[in-house]
Amino acid sequence: MIDRNLLRNDPDLVKRSARAKRCVCGIEEWLELDSRMRALSLEADGLRAQRNSLSHRVSVLKKSGGDFREAMEESRLAGERIALLEAEMKNLEPRMTELVLAMPNIPDPDVPEGGEEANLEVSKWGGPPTFDFTPRPHWELMKGVFDPEAAGVIAGSSFVLLRGWAAGLQRRLIGWMVENHLRAGMEEVWPPFLACRDSVTATGQLPKLADDMYLLERDDLFLIPTGEVSITNLYRGATLRESDLPVKLCGYTPCFRREAGSYGKDTRGLNRVHQFEKVEMVWLTHPEESHRAHEAMLAQATGLLEKLGLHYRVVLLAAGDLSFSAARCYDLEIWSPGQMKWLEVSSVSNCRDFQARRGNIRFKPSGGGKPAFVHTLNGSGLALPRLMAALVETWQRPDGTVDVEGLSSRLVIPQEGRAPQEQPDHSVYR
RNA sequence: GGAGGACUAGUCUAAUCGGUAAGGCAGCGGACUUGAAAUCCGCCGGGCUAUGCCCAUCGGGGUUCGAGUCCCCGGUCCUCCGCCA
């Protein structure tokens, strides 16, 4: 959520950012409503003060046996006027909330302007694997263990069914990634895979991505489109101690996306599916630490790719390609030798205080003072389907089979680093 | 799904017949001290156009001059029953 005071003091900045992010939102309308609201609130406050003192006088007069009827009548009249003002405010409020919730986060100053074409490749690691034969795409290599037809029978098109070695490989990959994160000092969580409206609003998928999520109408619950939703909302409404920061969490979740409107685009094989598996990292940091944490989270994700030996590149997203809640985001893309193209396997985002405001996630400064909003970061570490695709294509043999043994030998759980925490104390105020 | 109970600040706990939220602990700052403890003082929910005022007792309505308190709808947690992997 955009800070109210920023909207009042520098609406042009908010307008520019919204335009850069290709978002249409009613900043002017909000400002008008805001000034109307403040006038109403000022008048109502004065009347309330009157009513409070009048009804206190009633109480005093009653006790002393005096005539309280006049005070009571005046108080009643003030109450009627208050009710009118309150009704008008109540009328304006939902619209103001709707408007402010539709305003996207402001990109950091170093984020390039423009759309996808302005994305900036900031680094590259390794090189494309070479073959003395024509490499095949994963859907050919995984015949028999990747079965979209079967998934179609169970759920419909664009769902995945893995079996045999592919199912096992995916399971081991999830465990391997989580173990790596634990040794980097993160705490593992296993959250609900459904989230309520407030949660999905806090992380910023609502209102903009409403059509991209699965909604269980009967219970008004959303299937999470990313683990970011569940894990970030673990601390919704909480006030942490400054000494608790940074809170570094990771967890496995499935992710559900309707992918409305994206049919026919990159839909082959494992490239774009309705349900996929992901290990997510979510960190809550002190506002001054989030930039450094963003780089550290990126390094954690790229570290996994390096251990797997996959050729990858890091892209700093331009404003127009940035998600609604992000202020700054790196996309991690790995090379798919069978498809001869880059596949996005991770987005590492710094949301600054945007989600923390929406979800009211704060910390109490050690030196006293008012609670302040934390900064939230999230990053995939990593998303499975495209990772599987690139891995399988990288480890293919000339006969069209996959060296699963060789691939699996990469999944060594590191011995270095901190041992997983037993029971970290993140007890919070709510 | 059913029955019962609970919900006041970081935490614990008060508030008369409905009368305008009182304290303890923890924490923070300061004084005293070689240092610490103890003690003392201040702060310790949010907001504003700020000597003051308004809001705030899980959320939303209602009754009332006035609601933590009474009524209605909902939420969360706990206990029990039912169902279920």
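Numbers restart at 1 for each chain; the letters A, B, ... are given by sequence-line order, proteins then strands. Both backbone and side-chain heavy atoms feed into the values below; hydrogens, waters and symmetry mates do not.
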Quiz item: Heavy atoms, side chains only, cut-off 4.5 Å: are Met388(A) and Leu162(A) in contact?
Solution: yes

Practice problem: For G24(B) and G19(B), measure between their P atoms and round to the nearest Å. | Solution: 23 Å

Quiz item: Taking NZ, NE, NH1 and NH2 as the nitrogens, is one of them in Glu86(A) or Arg48(A) under 4.0 Å from a carboxylate oxygen of the other?
Solution: yes

Quiz item: How far, in whole Å, is U34(B) from C41(B) if one measures between their P atoms?
Solution: 22 Å

Quiz item: Using atom P of each nucleotide, how far apart are A15(B) and U69(B) to the nearest Å?
Solution: 14 Å

Quiz item: Does Arg57(A) CZ have over 12 foreign heavy atoms under 6.0 Å away?
Solution: no

Self-check item: Separation between the P atoms of U76(B) and A38(B), rounded to whole Å
Solution: 43 Å

Exercise. Would you sketch RNA chain B in dot-bracket for me? Only Watson-Crick or G-U wobble pairs with both distances under 3.5 Å count, crossing pairs as [ ], other-strand pairs as |, the rest as dots.
Key: (((((((..(((......[...))).(((((.......))))).((((...))))..(((((..]....))))))))))))....

Quiz item: For the base of G19(B), is there a side-chain donor-acceptor partner from Lys62(A) under 3.5 Å away?
Solution: yes

Quiz item: CZ of Arg8(A) versus C1' of U49(B): gap in Å, rounded?
Solution: 12 Å

Practice problem: Would you mind telling me which residue lines up with the more 5' stretch of RNA chain B, Ser75(A) or Ala39(A), judged by nearest nucleotide? | Solution: Ala39(A)

Quiz item: Any side-chain heavy atom of Ser408(A) sitting closer than 4.5 Å to one from Leu169(A)?
Solution: yes

Quiz prompt | Separation of the P atoms in C72(B) and A85(B), to the nearest angstrom | solution = 38 Å

Quiz prompt | Parallel, tilted or perpendicular: ring planes of Tyr214(A) versus His274(A), cut at 30 and 60 degrees | solution = perpendicular

Practice problem: Specify the residues of residues 41-60 of chain A, ordered by number, for which at least one heavy atom lies under 4.0 angstrom from an atom of RNA chain B. | Solution: Leu42(A), Asp45(A), Arg48(A), Ala49(A), Arg51(A), Asn52(A), Ser55(A), His56(A), Val58(A), Ser59(A)

Quiz prompt | Ala390(A) to Ile334(A) - nearest heavy-atom pair and separation | solution = CB-CD1, 3.4 Å

Quiz item: Does a donor on one side chain sit under 3.5 Å from an acceptor on the other, for Tyr312(A) and Glu306(A)?
Solution: yes

Quiz item: Quick one: Arg76(A) CZ to U63(B) P, roughly how many Å, whole number?
Solution: 13 Å

Quiz item: What's the CD-C1' distance between Glu242(A) and G27(B), to the nearest Å?
Solution: 14 Å

Quiz item: OP1 or OP2 of C48(B) less than 4.0 angstrom from a side-chain nitrogen or oxygen of Arg38(A), does that happen here?
Solution: no

Quiz item: Between Met72(A) and Lys63(A), who's closer to the 5' end of RNA chain B by nearest nucleotide?
Solution: Lys63(A)

Quiz item: Rounded to the nearest Å, what distance is computed from the CG atom of residue Asp198(A) to the P atom of nucleotide G60(B)?
Solution: 13 Å

Practice problem: Evaluate the criterion side-chain hydrogen bond (donor to acceptor under 3.5 Å, both in side chains) for residue pair Gln355(A) and Thr376(A); output intermediate values, then yes/no. | Solution: CA-CA 7 Å; Gln355(A) 294 180 325; Thr376(A) 62; 2.7 Å; yes

Quiz item: For the pair made of OH in Tyr235(A) and C1' in G10(B), what is the distance, rounded to whole Å?
Solution: 15 Å

Self-check item: Separation of atom CG in Leu85(A) from atom P in C54(B), rounded to whole Å
Solution: 15 Å

Quiz item: Is the distance between the ring centroids of Phe354(A) and Phe324(A) under 6.0 Å?
Solution: yes

Self-check item: Atom-to-atom span, CG of Asn9(A) to P of U49(B) - whole angstrom
Solution: 11 Å

Exercise. Give a yes or no on whether a salt bridge exists between Glu93(A) and Lys90(A), defined as a side-chain N under 4.0 angstrom from a carboxylate O.
Key: no

Exercise. Sticking with atom P, work out how far G68(B) lies from G61(B), rounded to a whole angstrom.
Key: 14 Å

Exercise. Sticking with atom P, work out how far U13(B) lies from C84(B), rounded to a whole angstrom.
Key: 39 Å

Quiz item: Can you check the Arg69(A) CZ to G66(B) P distance for me, whole Å?
Solution: 18 Å

Practice problem: In whole angstrom, give me the gap between the C1' atoms of C70(B) and C77(B). | Solution: 25 Å

